[in-house]
Amino acid sequence: MESFKNRLDKNRIPKHVAVIMDGNGRWAEKHGKARVFGHESGVESVRSVVESAGEIGIKHLTLYAFSTENWERPKSEVEALMELLVHAIDNESELLMKNNVRLSAIGDLSKMPSKVKERLDGCIRFLSGNTGLNLILALSYSSKWEIINAVKNIAKDSVERKINPEMINNELFENYLNTAEIPDPELLIRTSGEFRISNFLLWQIAYAELYFTEKLWPDFRKEDLFEAVFDFQNRERRFGKISEQLTL
Ligand code: IPE
Ligand code: IPE
Ligand code: MG
C-alpha cells in the first residue's frame, strides 16, 4: 500500500502535534525484559517521530516524556529514566542539529536533577539557532501544575498592579502558560491503547483532535505518525458550528 505520507494534503499539515508516549513498560514485558529496556527502545521511536514530523512540515512537536505523577514510580525506575534522558540528550544532539531542530522544554524543570537540567539547558542553547521543527519536551510536567502556576503569577502581577484583573482573558491567560507563543496542538496522539489524557495540556487541547492507537510507544514509527496525520485530515473540525457553515 502507498505510504500515508504521499496521501497527505500538504496544505493541511497540523502546525502542532502533541504525543503521549505510552506503553514502554508493557512493550518490555512483552519481550520478557525489564521496564527500563522499554524506555531505552522508546528513544528510537522519538528519533523516527522527530524526523517524520520535520519531513512533512509540522512546526511544533510536543512529547510527553515524564509527568509530575511519574515521580511516584519506584526510585530505581525514576533514576533509570533520568540517566536515559542524559544519554539521549548527549547522543541525539548532533542529529538534531543536522536536522535543523530547535529544542525547548515545558514543566517544573526545577524538579529535574541538576545533571539532567545542565545537559538539557546546554542542548537547548546548542540548537537555539535552528529554524526547523520546534521539539518541545514535557518533563516533570502536569497540566494542573502549569495552570496553578499561571494563576499564581497572574495573582502576583495583579497585586503588584502590573495587570488589572479586568484584563484577564484567554489571550492573557495563555501568556502565563509554559506554552506561551506556541499555537495549541491540533492533533493529540496517545499510544498503548489507553483512552485518557493523564494531566497533559488540558487547556491547550480544548479543540484538539484526539487520536488513540493500540501501538506501544517503542513500536511507533514514521508511518504511524503519517497515518495519524492522515486520519486527522479526514475529520471535520466544526468548532461548534454546523457543516454547512464551514465551506462558506
Ligand atoms: C511511558 O511508558 C513512559 C513514561 C511514562 C515515562 P510507561 O512506562 O508508562 O509504560 P506502561 O504504560 O507501563 O506500559
Ligand atoms: C503518561 O503516561 C505520562 C507520559 C507518557 C510521560 P503514564 O503511563 O504515566 O500515564 P497513566 O498512569 O497511564 O495515566
Ligand atoms: Mg504508561
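Everything quoted here is computed from the prediction, not taken from an experiment. Start at 1 and go down the list; that is how both ligands and their atoms are numbered.
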Establish, from distance only, whether the side-chain atoms of [X] and [Y] form a donor-acceptor pair under 3.5 Å.
X: Glu146; Y: Trp203; result: no
X: Ser243; Y: Arg238; result: no
X: Ser142; Y: Glu69; result: no
X: Thr213; Y: Arg190; result: no

Item checked: Minimum non-hydrogen distance to atom 8 (O) of ligand 1, winning option of Lys30, Glu194, Arg73 ->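 The nearest heavy atom belongs to Arg73.
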Please classify the [X] to ligand 1 contact at 4.0 Å (heavy-atom distances, strictly less than): side chain, backbone, both or neither.
X: His39; answer: side chain
X: Leu216; answer: neither
X: Arg35; answer: side chain
X: Ser192; answer: neither

Next item on the list: For the pair Tyr141 and Trp145, name the ring-plane relationship: parallel under 30°, tilted 30 to 60°, perpendicular over 60°.
Entry: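 Tyr141 and Trp145: perpendicular rings.
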What's the shortest distance from [atom] to any protein heavy atom, and which residue and atom give it?
atom: atom 14 (O) of ligand 2; value: Ser198 OG, 2.6 Å
atom: atom 6 (C) of ligand 1; value: Ala65 O, 3.5 Å
atom: atom 5 (C) of ligand 2; value: Met21 O, 3.3 Å
atom: atom 13 (O) of ligand 2; value: Arg196 NH2, 2.8 Å
atom: atom 9 (O) of ligand 2; value: Asn70 ND2, 2.9 Å
atom: atom 2 (O) of ligand 1; value: Asn24 N, 3.2 Å

Margin query: Check Arg26 with Glu29, please: is the shortest side-chain N to carboxylate O separation under 4.0 Å?
Written below: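 Arg26 and Glu29: not salt-bridged.
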Checklist line | Heavy-atom side-chain contact between Ile136 and His60 under 4.5 Å | finding: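 A side-chain contact under 4.5 Å exists here.
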Item checked: Where ligand 2 meets Asp22 - atom numbers and elements under 4.0 angstrom, heavy-atom basis ->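 Here the atoms of ligand 2 in question are 2 (O), 8 (O).
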Check: Can you check whether Tyr211 and Phe232 have ring centres sitting under 6.0 Å from each other?
Finding: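 Not close enough - the centres of the two rings lie 6.0 Å or further apart.
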Note to self: Distance check below 2.8 Å: does Asp22 bring an N, O or S atom to the Mg ion (ligand 3)?
What the structure shows: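 It does: Asp22 brings an N, O or S atom closer than 2.8 Å to the Mg ion (ligand 3).
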Next item on the list: Would you check whether Gly23 reaches within less than 4.0 Å of ligand 1, judged by its heavy atoms?
Entry: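 The answer is yes: ligand 1 sits under 4.0 Å from a heavy atom of Gly23.
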Margin query: Measuring from non-hydrogen atoms of Ala28 to any atom of ligand 1, is the shortest distance under 4.0 Å?
Written below: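 Distance cut 4.0 Å: Ala28 fails for ligand 1.
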Margin query: Could you check whether atom NZ of Lys10 has more than 12 heavy atoms from other residues, nucleotides or ligands sitting under 6.0 Å from it?
Written below: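 Yes.
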Notebook entry, point to check: Quick one: does Arg190 get a heavy atom under 4.0 Å from ligand 2?
Noted result: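 Distance cut 4.0 Å: Arg190 passes for ligand 2.
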Check: Taking non-hydrogen atoms only, is Phe200 closer than 4.0 angstrom to ligand 2 via side chain, backbone, both or neither?
Finding: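 Phe200 to ligand 2: no contact under 4.0 Å from either part.
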